[in-house]
Peer 1: 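Before I ask anything, let me first share the structure, which is written out below as C-alpha cells.
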Amino acid sequence: MDPPRRSTGLLLAAILLAAGVAVPALAATAFKVLQMNLCNSGVAGCYQNGLAVGEAVTVIRDRQPDVVSVNEVCLSDLPGLTAAVGAGAQYRFAFVRDRSTGSDYQCTAGRGAYGSGIIVKEGITSGGTGVYSAQDGGNEMRAWACALSAVRGFTACTTHLSTTATTALAQCRELLPATVLSFDPTGSPTTGHVAVGDLNLRYRPGSPTNAQNCVPAGWFRKGDGDVQHVTARTLTFVSTQTYAMSRTDHPAFVVNYTF
C-alpha cells in the first residue's frame, strides 16, 4: 500500500471517528517473499548446466512473489529472472569478490560475475551492494545487496553467507540491522524490511551459531528447516511454504506476509 495514500486514509478515519461514524479497518496488502539458491556458478557439484534458472522462472511465474532473492547465480541470469517477476521489476546484484585477484568472482563459461540477486516486483528507487568485513579463509568473499522499493518504500536485501558458521554469524550481525536500515531514508519504525538468503546457519537452540542469534530485537525470522531464512520487521506473518526443485540442491522457500 502506498504510504501517502495510507496517511490520507488514516486522517480520514480519524475525522470520521471523531464524528461518531463507524469506519472499517484498512485492508492489509498481501506481500510474498521467495528465496532460492540455484547452485549456478558452474563450480559446485550441484550445478546442472544452467537448468536451475529455467526451473526458477517457472517457480516465480507460479508463485507470483513481490520480492525474489536468488543465491549462487550469475549476473547474466538476472534479466530473465527479473522479467519473470513482472514488467516493472528491477534488481540489484551482490558481487562476490575473488580474494586472489581482488576482482569480481566469476561464473564458469563466461557467464559473468557470481553472487546473489534481489528482485523487487514494483521497481527500485535506490540500492547498494557491499562485501562483508568478516570473511573466512576461502577465496570467495561473501557480499550483500539491498534495494529500496519504488512504491511502498520497504527495503529488501539478499545475501549468501560463509560456510564457516562463526563467520556466517558475524556476517549476519553485520547485515542486521545496521546495513538493512541504512537504506531506509525515512527512519520510520513502521516501514517494512526483509533480509533474505542462504545464511549457512540453522535454527539450533543452545548452539552458539544458532540462526536466531543474529535476529535483532523487533525482528523475526522464518526458515525452511535448513539454511534458508527470511528475517523481517514491521510485517505481519501469515505462512510459509517450501517447493521441491530438481535442478538445484535447495528447495524454493516462500514466506507470506501482509503489509
Side-chain angles (χ1 to χ4, degrees), residues 1-4 6-7 10 28-29 31-35 65-71 89-96 115-135 141-162 167-201 203 209-223 228-238 253 255-259:
M1 186 174 293
D2 190 300
R6 183 177 178 85
S7 298
L10 289 172
T29 304
F31 185 74
K32 182 181 295 185
V33 178
L34 169 63
Q35 157 64 25
D66 298 282
V67 171
V68 177
S69 164
V70 283
N71 305 135
Q90 293 178 298
Y91 69 86
R92 292 292 184 272
F93 192 75
F95 292 84
V96 171
S116 299
I118 189 77
I119 307 169
V120 179
K121 184 175 185 178
E122 61 192 36
I124 295 170
T125 299
S126 61
T129 183
V131 173
Y132 292 104
S133 58
Q135 297 288 341
M141 299 181 70
R142 301 298 173 107
W144 53 265
C146 292
L148 179 69
S149 77
V151 178
R152 286 177 283 186
F154 62 82
T155 301
C157 300
T158 184
T159 194
H160 184 198
L161 302 184
S162 168
T167 304
L169 184 62
Q171 291 171 343
C172 188
R173 287 171 169 166
E174 191 174 331
L175 179 66
L176 292 166
T179 299
V180 178
L181 294 181
S182 70
F183 289 92
D184 178 8
T186 69
S188 169
T190 61
T191 301
H193 303 88
V194 289
V196 195
D198 180 342
L199 303 188
N200 276 313
L201 296 168
Y203 177 63
T209 56
N210 180 8
Q212 194 66 27
N213 291 350
C214 77
V215 180
W219 296 66
F220 62 97
R221 178 199 56 80
K222 297 296 176 182
Q228 297 183 112
H229 304 268
V230 182
T231 303
R233 173 176 177 253
T234 60
L235 297 170
T236 301
F237 171 70
V238 177
F253 178 48
V255 184
N256 298 290
Y257 304 93
T258 55
F259 193 98

Peer 1: Below 30° counts as parallel, above 60° as perpendicular, anything between as tilted: where do the rings of Phe220 and Phe237 land?
Peer 2: perpendicular
Peer 1: Residues in salt bridge (Lys or Arg N to Asp or Glu O under 4.0 Å) with Arg142, at least two apart?
Peer 2: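 Partners of Arg142 by the salt bridge (Lys or Arg N to Asp or Glu O under 4.0 Å) criterion, ordered by chain and then number, come out as Glu140.
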Peer 1: In terms of ring plane angle, is the pair Phe259 and Phe31 parallel, tilted or perpendicular, where the classes change at 30° and 60°?
Peer 2: tilted
Peer 1: Over 60° means perpendicular and under 30° means parallel, so classify the ring planes of Trp144 and Phe183, tilted if in between.
Peer 2: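 It falls in the perpendicular class, over 60°.
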Peer 1: Using the side-chain contact (heavy atoms from CB on, under 4.5 Å) rule, take Thr158 and Val70 through it: C-alpha gap first, then chi angles, then the decisive distance, then the call.
Peer 2: CA-CA 8 Å; Thr158 184; Val70 283; over 6 Å; no
Peer 1: Search all heavy atoms of Ala195 against all heavy atoms of Leu176 and return the closest pair with its distance.
Peer 2: CB-CD2, 3.8 Å
Peer 1: So, for Ser116 and Asn71, which heavy atoms are closest and what is the spacing to 0.1 Å?
Peer 2: OG-ND2, 2.9 Å
Peer 1: Would the distance check show the side chain of Gln35 and the main-chain N or O of Val196 forming a donor-acceptor pair, the cut-off being under 3.5 Å?
Peer 2: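 It does not hold such a pair.
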Peer 1: Which of these, His160, Gln171, Gln228, sits in a side chain to side chain contact (heavy atoms under 4.5 Å, CB included) with Asn200?
Peer 2: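 Of His160, Gln171, Gln228, side chain to side chain contact (heavy atoms under 4.5 Å, CB included) with Asn200 is met by His160 alone.
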Peer 1: List the atom of Leu199, the atom of Ala168, and the distance in Å for their closest heavy-atom pair.
Peer 2: O-CB, 3.6 Å
Peer 1: Under a 3.5 Å distance rule, please check whether Asn256 uses its side chain to pair with a backbone N or O of Lys32 as donor and acceptor.
Peer 2: no
Peer 1: So which atom in His229 and which in Tyr203 form the shortest heavy-atom distance, rounded to 0.1 Å?
Peer 2: CE1-N, 4.4 Å
